[in-house]
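Below: one structure, written as structure tokens.
Naming: A, B, ... by sequence-line order, numbering from 1 per chain.
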2 protein chains.
Amino acid sequence: MRNLKYAILGIINRKPSTGYDITKEFNDSLVEFWYAKHSQIYPELKKLTDEGLILFETIIQGEKLEKKLYTITEKGKKSLQKWLEKDEPLEPTPKDIFKLRAYFADEMDKDILLKQFKSQLNKHMERLSYLKDGMDELSKKKEIAKVSSPGFGDYIVLNGAIMREKNYIEWLEDCIEKIID
Amino acid sequence: MRNLKYAILGIINRKPSTGYDITKEFNDSLVEFWYAKHSQIYPELKKLTDEGLILFETIIQGEKLEKKLYTITEKGKKSLQKWLEKDEPLEPTPKDIFKLRAYFADEMDKDILLKQFKSQLNKHMERLSYLKDGMDELSKKKEIAKVSSPGFGDYIVLNGAIMREKNYIEWLEDCIEKIID
DNA sequence: TACACCATGTAAGGTGTTACATGATTTG
DNA sequence: CAAATCATGTAACACCTTACATGGTGTA
């Protein structure tokens, strides 16, 4: 466990960051497979500092705004590396509220059921389109699709998200077909 | 929120059940999209009883083993129905620890990275095979693939799980190819 | 009679969300 | 100069996991 710990460690390892930066990173780039609110991040940063895995430098922005720029320590790098090398059993399948509803489909009025699926389809199509835009931007910005290039991680996970959305859409369309006839 | 509440309500609505039954149901049938431990279920059952959404009958098994068979009330059915009809915004994408690791791929030694992906591939192939077996069994047992038939919910979500696993496997294979060359 | 499984609960602690709280800087 | 964004934190509460705790039933 302690996954947030390693998520933060990994981000700081990529580039020294403030708590605010990390929050943004989570809710922009990583949001397709990890996220956290700032209320969880700041206490965790304190904890990691106490554990000697990161350290910070106070920076004054403008006149008096203090911000803490965190850097990973050698100890932190070792800890991260160890976590990256771990090969653990598969996590339980993530929870999916829509599928939970779908499981109770035979209790639902057919029209409502259809409306539900169509609405869900819409939302996932929007998300897919958003992700595709992200991919266009990424391929402009970075040299991707090559291991050890710094954009490789970004590329494969974004590609994974696109594949996942396409697949979910396929499933929804399949269900809609079955509901109709 | 209060999703566990509705998950339990839905299960009891399908068929009167004990806490033990519900626990098994979660960890057998529903595990691909929802689950909970008994330590979460028993307190929730108490809560739902207090709210008048379910009620129980004490049954003696054998000589003296007491078990509580829960049944949904009219109030409970209304509450469930209302939840089933809700159309809420998309949940954030579920967290995926493996993708979190993958995001930090450029920090990893290429051999270790490859081993990670191959191991992950193995595990997902096993899960897929397990799910396919489940589908074979389900199609023997019930009349499925028809809305309003009682097996329809079971069928579409199991089918969704199979599709999801196939897709994840495809992504892993794609990544492995990219890592190799 | 031992072992697997049935059956129900509580306690402690970790993880995550929402709301509260405050203030500075940048940009239009 | 107003609004958006930058920046950091705490408190209360909800959700979830692990471990503790106890005892009955069925079957080989």
Side-chain angles (χ1 to χ4, degrees), chain A residues 1-8 11-12 16-28 30-31 33-51 54 56-70 88-89 91-97 100, chain B residues 1-8 11-12 16-28 30-31 33-51 54 56-70 88-89 91-97 100:
Chain A
M1 287 290 215
R2 301 276 326 262
N3 291 312
L4 178 61
K5 165 177 170 174
Y6 296 103
I8 291 177
I11 290 170
I12 295 174
S17 311
T18 66
Y20 191 85
D21 294 337
I22 295 167
T23 309
K24 265 189 59 182
E25 187 87 359
F26 272 131
N27 299 305
D28 295 352
L30 281 78
V31 74
F33 52 92
W34 207 268
Y35 49 87
K37 320 253 158 164
H38 76 274
S39 53
Q40 219 188 333
I41 291 165
Y42 288 113
E44 190 67 33
L45 285 170
K46 202 182 225 171
K47 220 169 167 183
L48 294 178
T49 308
D50 291 345
E51 293 174 49
I54 55 175
F56 67 87
E57 185 189 352
T58 303
I59 289 181
I60 306 291
Q61 180 101 1
E63 258 333 79
K64 42 180 159 169
L65 177 64
E66 288 190 1
K67 58 179 184 179
K68 293 178 179 171
L69 190 70
Y70 287 91
E88 282 179 306
E91 295 283 306
T93 304
K95 292 178 178 181
D96 183 332
I97 294 171
L100 182 60
Chain B
M1 287 289 216
R2 299 278 326 264
N3 290 311
L4 178 61
K5 166 178 170 173
Y6 296 103
I8 291 176
I11 290 170
I12 296 175
S17 310
T18 67
Y20 189 86
D21 294 336
I22 294 166
T23 308
K24 265 188 59 180
E25 188 87 359
F26 272 130
N27 299 306
D28 295 352
L30 280 77
V31 75
F33 52 92
W34 207 268
Y35 50 86
K37 318 255 160 167
H38 75 275
S39 52
Q40 220 187 333
I41 291 165
Y42 289 112
E44 189 67 32
L45 284 170
K46 203 183 222 170
K47 219 170 168 183
L48 294 178
T49 308
D50 290 345
E51 293 175 50
I54 54 175
F56 67 87
E57 185 189 351
T58 304
I59 288 182
I60 307 290
Q61 180 102 2
E63 255 337 76
K64 42 181 158 172
L65 177 65
E66 288 189 2
K67 57 180 185 178
K68 292 178 178 171
L69 190 70
Y70 287 91
E88 281 179 303
E91 296 284 305
T93 304
K95 294 178 176 179
D96 183 331
I97 295 171
L100 181 60

Any donor-acceptor pair under 3.5 Å from Asp50(A) side chain to Lys47(A) backbone: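 No, because the side chain of Asp50(A) does not come within donor-acceptor range (under 3.5 Å) of the backbone of Lys47(A).
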
Please find the pair of heavy atoms, one from [X] and one from [Y], that lie closest to each other, and give the distance.
X: Trp34(A); Y: Ile97(B); answer: CZ3-CG1, 3.7 Å
X: Phe26(B); Y: Leu4(B); answer: CZ-CD1, 3.9 Å
X: Tyr35(A); Y: Pro92(B); answer: OH-CG, 3.7 Å

Base, sugar-phosphate, or nothing for Lys5(A), non-hydrogen atoms under 4.0 angstrom? nothing

Min side-chain heavy-atom separation Ile8(B)-Tyr70(B) under 4.5 Å: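 Counting from C-beta outward, Ile8(B) and Tyr70(B) never come under 4.5 Å.
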
Would you say Leu45(B) and Ile12(B) make side-chain contact, with heavy atoms under 4.5 Å?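 Yes, side chains in contact.
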
[atom1] of [X] versus [atom2] of [N]: gap in Å, rounded?
X: Lys37(B); N: dT18(D); atom1: NZ; atom2: P; value: 5 Å
X: Lys68(B); N: dG23(D); atom1: NZ; atom2: P; value: 17 Å
X: Tyr35(B); N: dT18(D); atom1: OH; atom2: C1'; value: 15 Å
X: Lys67(A); N: dT22(C); atom1: NZ; atom2: C1'; value: 18 Å
X: Ile59(A); N: dA7(D); atom1: CD1; atom2: P; value: 10 Å
X: Arg2(A); N: dG14(C); atom1: CZ; atom2: C1'; value: 10 Å
X: Tyr42(A); N: dT22(C); atom1: OH; atom2: C1'; value: 13 Å
X: Gln40(B); N: dT18(D); atom1: CD; atom2: C1'; value: 12 Å

Residues Lys5(A) and Glu51(A) bridged, charged N to O under 4.0 Å: yes

Would you find more than 12 non-hydrogen atoms of other residues, nucleotides or ligands less than 6.0 Å from Lys24(A) atom NZ? no

DNA chain C: Glu44(A) or Lys46(B), which has the more 5' nearest nucleotide?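 Comparing both residues, the 5'-ward one is Lys46(B).
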
Map Leu4(A) and Asp21(B) onto DNA chain C by nearest heavy atom, then report which one ends up closer to the 5' terminus.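 Going by which nucleotide is closer to the 5' end, it is Asp21(B).
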
Output one line per pair: protein atom, nucleotide atom from nucleotides 19-22 of chain D, and distance, for all N/O pairs under 3.5 Å.
none

Between the protein and nucleotides 25-28 of chain C, which nitrogen or oxygen pairs are less than 3.5 angstrom apart?
| residue | atom | partner | partner atom | Å |
| --- | --- | --- | --- | --- |
| dT25(C) | OP1 | Gln61(A) | O | 3.1 |
| dT25(C) | OP1 | Glu63(A) | N | 2.6 |
| dT25(C) | OP1 | Lys64(A) | N | 2.9 |

Select one nucleotide: of dA7(C), dT10(C), dT15(C), the one nearest the side-chain heavy atoms of Met1(A).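 Given the options dA7(C), dT10(C), dT15(C), the side chain of Met1(A) is closest to dT15(C).
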
Would you mind telling me which of dT10(C), dA7(C), dT18(C) lies closest to the side-chain atoms of Pro43(B)? dT10(C)

Going from CD1 on Ile59(A) to NZ on Lys68(A), what distance comes out if it is rounded to the nearest 0.5 angstrom?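 It comes to 12.5 Å.
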
